Amino acid sequence: MNYILFDGPSLRDFSFTFKMTPRSKSEAIRVRTIIRYFKQAMSVKRSNSVLLLKAPHTFRIQYKTSTEDHPYLNRFKECALTNCSVNYTPDGQYMSYDDSDPDGRSMTAYELSLSFQELEPIFDDDYENMENAKGSFDHIGY
């Protein structure tokens, strides 16, 4: 007879990959701003005290349909960004736009990979406490 022992709750990991291909100078600036935001957001923050550090930003990830949470995709609890990597040559070779303005010399494509980990485990009563749950199965849940 085989037994499975409960080893304790675990924290879920999620990964997302986005390919971004700017088509104009303003889109190139926006793409670089997005990449910079995630890289900086996962960094440890300095405090005024030399002895203490502050935690990086956390994220509330949601799948949306129109303005509502998508009922048929999973939900997430608050997450920490554990990895942020950028592939600057997602098409297999170095390519950048030729522009006299440095802001216009963007790469032709970027691939941003983000890995997140939830900060707390999923509990049974989380399903009961979901908005509009009331015992119905109109949401996939976590």
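Sequential numbering from 1 along the given sequence is applied to the chain's residues. What you are looking at is a predicted structure, and each value in this text was computed from that prediction instead of being measured. Values below: every heavy atom of this structure, side chains too, minus hydrogens, waters and symmetry copies.
Clustering ILVMFWY residues whenever any of their side-chain heavy atoms sit less than 4.5 angstrom apart, transitively, puts M42 in a cluster other than the one holding L11. V31 and L81 fall within the same hydrophobic cluster, where Ile, Leu, Val, Met, Phe, Trp and Tyr residues are linked whenever their side-chain heavy atoms come under 4.5 Å apart, directly or through other members.
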Show the numbers, then the answer: is there a side chain to side chain contact (heavy atoms under 4.5 Å, CB included) between V86 and E111?
CA-CA 6 Å; V86 182; E111 187 176 80; over 6 Å; no
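Residues passing the ring-ring contact (aromatic ring centres under 6.0 Å, His included) test with Y63 are F76, sequence neighbours excluded. Remark: L52 engages S47, S49 in a side-chain contact (heavy atoms from CB on, under 4.5 Å) (not counting sequence neighbours). Evaluation of the side-chain contact (heavy atoms from CB on, under 4.5 Å) rule for S115 yields S15, T82, N83 as partners, not counting sequence neighbours.
In this structure, F116 CZ and T58 OG1 are separated by 10.5 Å, a value rounded to the nearest 0.5 Å. With rounding to the nearest 0.5 Å, the separation of CD1 in I61 from CD in E78 is 10.0 Å. Here the CE atom belonging to M20 is positioned 10.0 Å from the OG atom belonging to S106, to the nearest 0.5 angstrom. Distance check: S10 OG to Q117 CD gives 9.0 Å after rounding to the nearest 0.5 Å. Between the CZ atom of F16 and the CG atom of L114 there is a distance of 8.5 Å, given to the nearest 0.5 Å.
Using cut-offs of 30° and 60° on the angle between ring planes, the pair Y72 and H70 is perpendicular.
Looking at Y97, its side chain never comes within 3.5 Å of a backbone N or O of A28 through a donor-acceptor pair. Without hydrogens or angle criteria, R12 side chain to Y142 main chain gives a donor-acceptor distance under 3.5 Å.
We find that D98 and R105 are not joined by a salt bridge, their nearest charged nitrogen and carboxylate oxygen being 4.0 Å or further apart. Salt bridge E118/K77: absent, no basic N to carboxylate O contact under 4.0 Å.
Nearest heavy atoms, T21 versus T108: CG2-O, 3.1 Å. Closest of all the heavy-atom pairs between L119 and A80 is CD2-CB, 3.7 Å. A pairwise comparison of heavy atoms in T17 and S113 identifies OG1-OG, 3.5 Å as the closest pair.
Applying the salt bridge (charged side-chain N to carboxylate O under 4.0 Å, His left out) definition to pairs two or more places apart or across chains, none involves residues 42-58. Annotation: salt bridge (charged side-chain N to carboxylate O under 4.0 Å, His left out) contacts involving residues 79-93, sequence neighbours excluded, comprise K19-D91.
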In residues 33-41, what donor-acceptor pairs under 3.5 Å come from side-chain atoms, sequence neighbours left out?
| from | atom 1 | to | atom 2 | distance (Å) |
| --- | --- | --- | --- | --- |
| T33 | OG1 | I29 | O | 2.8 |
| R36 | NE | Q40 | OE1 | 3.3 |
| K39 | NZ | Y88 | OH | 3.1 |

